[in-house]
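Just the heavy atoms: all of them, side chains too, but no hydrogens, waters or symmetry mates, feed the values below. Computed from a predicted structure; not experimentally measured.
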Amino acid sequence: MQYHEFLAAVEKHGGPTERDHADQASKIVLATIGQRLAGQEPRDLASQLPPELQEPLLQHTGEDEIGDDLDDFLRRVADREGRGCDPETALTHSQAVLGTIAEFVSAGEIDDLRSQLPAGYAPLFQQPR
């Protein structure tokens with residue numbers, strides 16, 4: 001998968017429509033998810049993504065800096081994204097990014113990703129409204 005294809009799919013899934021905003025949102029969502037992942041999972045997921053998305057996912061591996069609260073996750077994404085982003089918009093962007101990832105990586109990898117996230121994070125894997 002090429003990075004431009006990934007960004008186009010993020011837009012199709014309800015993410016930001018401007019390329020630079022989609023790029024920023026994708027990297028922020030993955031960096032924030034990466035804070036929850038441990039072991040080889042960040043590397044396994046990163047290996048199936050375009051090179052542009054690998055570093056954000058790997059920069060915090062195994063640190064478990066984010067708790068089990070989805071609202072905390074969304075506040076962090078919104079704060080990092082800026083641009084007037086609120087937690088509701090952060091949810092939509094996170095759903096668009098993770099929905100796009102689900103199209104491009106193996107189903108087993110998505111299962112592995114979900115298994116490392118708290119049950120309360122399930123809304124991240126639903127389609128945006």
For the student: nearest non-hydrogen atoms of [X] and [Y], plus distance:
X: Phe73; Y: Val29; value: CZ-O, 4.4 Å
X: Pro42; Y: Leu37; value: CG-CB, 3.6 Å
X: Cys85; Y: Ala90; value: SG-N, 3.7 Å
X: Gly14; Y: Thr92; value: O-CG2, 3.4 Å
X: Gly15; Y: His93; value: CA-CD2, 4.1 Å
X: Pro16; Y: Val10; value: CD-CG1, 4.2 Å

Side chains of [X] and [Y] in contact at under 4.5 Å (non-hydrogen atoms):
X: Glu55; Y: Lys27; value: no
X: Pro118; Y: Arg36; value: yes
X: Leu53; Y: Ile101; value: no
X: Leu45; Y: Asp112; value: no

Donor-acceptor side-chain pairing of Asp44 and Ser47 below 3.5 angstrom:
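No pair is found: no donor N or O on one side chain lies under 3.5 Å from an acceptor on the other.
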Listed by chain and number, what are the side chain to side chain donor-acceptor pair (under 3.5 Å) partners of Glu103, not counting sequence neighbours?
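Only Lys12, His13 meet the side chain to side chain donor-acceptor pair (under 3.5 Å) criterion with Glu103.
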From [X] atom [atom1] to [Y] atom [atom2], the distance as rounded to the nearest 0.5 Å:
X: Leu57; Y: Arg43; atom1: CG; atom2: CZ; value: 9.5 Å
X: Leu70; Y: Arg75; atom1: CG; atom2: CZ; value: 9.5 Å
X: His21; Y: Glu11; atom1: NE2; atom2: CD; value: 12.0 Å

Counting only N and O atoms by type, is there a donor-acceptor contact under 3.5 Å from the side chain of [X] to the main-chain atoms of [Y]?
X: Gln48; Y: Ser106; value: yes
X: Glu81; Y: Gln24; value: no
X: Gln126; Y: Gln95; value: no

Stepwise side-chain contact (heavy atoms from CB on, under 4.5 Å) test for Gln59 and Gln35
CA-CA 8 Å; Gln59 64 188 350; Gln35 293 176 318; over 6 Å; no
Is NZ or CZ of Arg114 both nearer than 6.0 Å to the six-membered ring centre of Phe125 and within 45° of the ring axis?
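Pair Arg114/Phe125 counts as cation-pi.
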Knowing that exactly one of Leu74, Leu113, Val77 qualifies, which makes a side chain to side chain contact (heavy atoms under 4.5 Å, CB included) with Leu124?
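Checked Leu74, Leu113, Val77 against Leu124; only one passes side chain to side chain contact (heavy atoms under 4.5 Å, CB included): Leu74.
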Asp72 and Arg76: salt bridge (Lys or Arg N to Asp or Glu O under 4.0 Å), yes or no, with the steps?
CA-CA 6 Å; Asp72 180 48; Arg76 287 177 187 243; 3.3 Å; yes
For the pair Phe104 and Leu49, evaluate side-chain contact (heavy atoms from CB on, under 4.5 Å) and give the outcome as yes or no after the intermediate values.
CA-CA 8 Å; Phe104 288 99; Leu49 296 174; 5.6 Å; no
